[in-house]
Amino acid sequence: MRVVVLISGRGSNMEALLRAGLPVEFAAVISNKAEAKGLAVARELGVETAVVNHKDYPSREAYDAKLAEVIDGYGADLVCLAGFMRILSDGFVNRYAGRMINIHPSLLPAFTGLDTHARAIAAGVKLHGCTVHYVTPELDAGPIVVQAAVPVLEDDTPDSLGARVLEQEHRIYPLAVRWIAEGRVELSADGRARVRSNAPAANALISPAG
Ligand code: GRF
């Protein structure tokens with residue numbers, strides 16, 4: 001399976017994917033920003049990189065058409081969004097239906113969009129986390145592949161909570177790609193992703209522990 005990863009910045013999830021020893025070929029890492037730190041990391045790890053700068057295109061559609069051309073040029077079977085900070089046009093999303101996944105820093109469907117850690121703290125939730133999901137035209141709403149939950153602690157700041165979530169992002173994103181590569185994830189007609197697993201379900205995570 002040939003995988004293309006799209007980033008806009010730091011690229012820590014991309015790095016977790018590239019270092020996970022997955023049974024896939026990382027064909028390229030593409031950024032919409034030339035200054036994205038993750039590009040150098042990808043090159044150090046021997047993966048080809050490309051920049052498709054959104055500022056060079058007159059419209060979202062024109063940009064997305066070019067981006068698709070570049071992705072398809074790498075023969076991508078799977079597109080992984082990893083902190084790619086662009087709203088994608090419906091045409092682009094539909095072109096990669098069932099072949100594009102994203103990592104989102106909340107337990108979806110709670111806290112779609114931005115500033116998820118601050119909003120989780122403000123809402124007083126006791127569990128927060130991250131989600132890998134297929135991308136559909138509705139923002140952060142596609143079929144969920146895997147989630148990880150972490151406790152929200154009394155003295156958490158968005159940064160401290162975000163760091164706890166990010167550790168789990170780096171675990172579950174490679175897991176999701178592995179399962180997809182192994183053919184263990186099935187998209188069903190009811191809009192859900194089913195994962196065939198032999199492992200026993202995880203125990204409950206109760207927060208606060210009391
Ligand atoms: C992560 O929190 C991810 O969940 C979100 O954007 C952030 C990207 O971080 N979509 P990085 O570039 O992977 O370090």
Side-chain angles (χ1 to χ4, degrees), residues 3-20 22 24 26 28-45 47 49-54 67 71 78-88 92-93 96 99-123 125 127-152 156-180 193:
V3 178
V4 165
V5 185
L6 303 190
I7 65 169
S8 294
R10 179 176 59 179
S12 70
N13 277 289
M14 171 219 74
E15 183 172 357
L17 289 172
L18 266 43
R19 289 188 185 278
L22 298 172
V24 305
F26 286 100
V29 170
I30 303 174
S31 172
N32 63 316
K33 293 185 175 174
E35 67 274 20
K37 294 226 161 55
L39 289 171
V41 177
R43 283 193 292 266
E44 273 163 33
L45 292 171
V47 176
T49 61
V51 174
V52 187
N53 188 339
H54 56 275
L67 186 59
I71 291 171
L78 181 71
V79 178
C80 294
L81 305 181
F84 188 62
M85 302 304 282
R86 298 265 315 159
I87 300 281
L88 297 163
F92 183 92
V93 170
Y96 296 104
R99 298 192 287 143
M100 181 159 65
I101 59 176
N102 180 44
I103 179 107
H104 182 77
S106 78
L107 289 173
L108 291 173
F111 310 121
T112 60
L114 298 175
D115 299 325
T116 54
H117 309 310
R119 288 160 58 210
I121 291 170
V125 296
L127 287 169
H128 182 48
C130 47
T131 303
V132 178
H133 65 95
Y134 280 90
V135 179
T136 56
E138 194 185 337
L139 185 71
D140 300 327
I144 291 170
V145 179
V146 57
Q147 298 184 300
V150 300
V152 181
D156 260 330
T157 62
D159 282 352
S160 65
L161 179 56
R164 197 175 306 114
V165 171
L166 190 65
E167 262 179 57
Q168 300 307 314
E169 295 184 34
H170 297 165
R171 291 178 62 194
I172 67 168
Y173 212 178
L175 261 187
V177 172
R178 179 181 297 278
W179 293 341
I180 291 168

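Remember, predicted model here, so these are calculated numbers, not experimental data. We number each residue from 1, following the sequence as shown. All ligand and atom numbering here is 1-based and tracks the order in the structure.
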Below the 3.5 angstrom mark, is there an N/O of [X], backbone or side chain, next to an N/O of ligand 1?
X      : result
His104 : no
Ile103 : yes
Asn102 : no

For the backbone of Thr49 and the side chain of Arg43, can you confirm whether one donor and one acceptor N or O come within less than 3.5 Å of each other?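 Checking the backbone N and O of Thr49 against the side chain of Arg43, no donor-acceptor pair under 3.5 Å is found.
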With a 3.5 Å distance limit and no angle check, can you tell me whether Gln147 reaches the backbone of Leu108 through a side-chain donor-acceptor pair? yes
Can you find a heavy atom in the side chain of Leu114 that is under 4.5 Å from one in the side chain of Met85?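 They are in side-chain contact.
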I want to check something: taking the side chain as every heavy atom from C-beta on, are Thr131 and Asp140 in contact at a cut-off of under 4.5 Å?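 SC-SC contact between Thr131 and Asp140 ruled out.
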Quick one: look up the protein heavy atom nearest [atom] and list residue, atom name and how far away it is.
atom                    : value
atom 3 (C) of ligand 1  : Glu169 OE1, 3.2 Å
atom 11 (P) of ligand 1 : Ser12 N, 3.4 Å
atom 9 (O) of ligand 1  : Arg10 NH2, 3.1 Å

What's the shortest heavy-atom distance between Leu18 and Ala42, and which atoms?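 Closest approach of Leu18 to Ala42: CD2-CA, 3.9 Å.
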His104 and His133 side chains, donor-acceptor separation under 3.5 Å: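 On atom types as modelled, these side chains do not qualify, holding no pair under 3.5 Å.
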I need the atoms of ligand 1 closer than 4.0 Å to a non-hydrogen atom of Gly83, numbered in the order shown.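 The list of qualifying atoms is 6 (O), 8 (C), 10 (N).
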Where ligand 1 meets Gly11 - atom numbers and elements under 4.0 angstrom, heavy-atom basis: 11 (P), 12 (O), 13 (O), 14 (O)
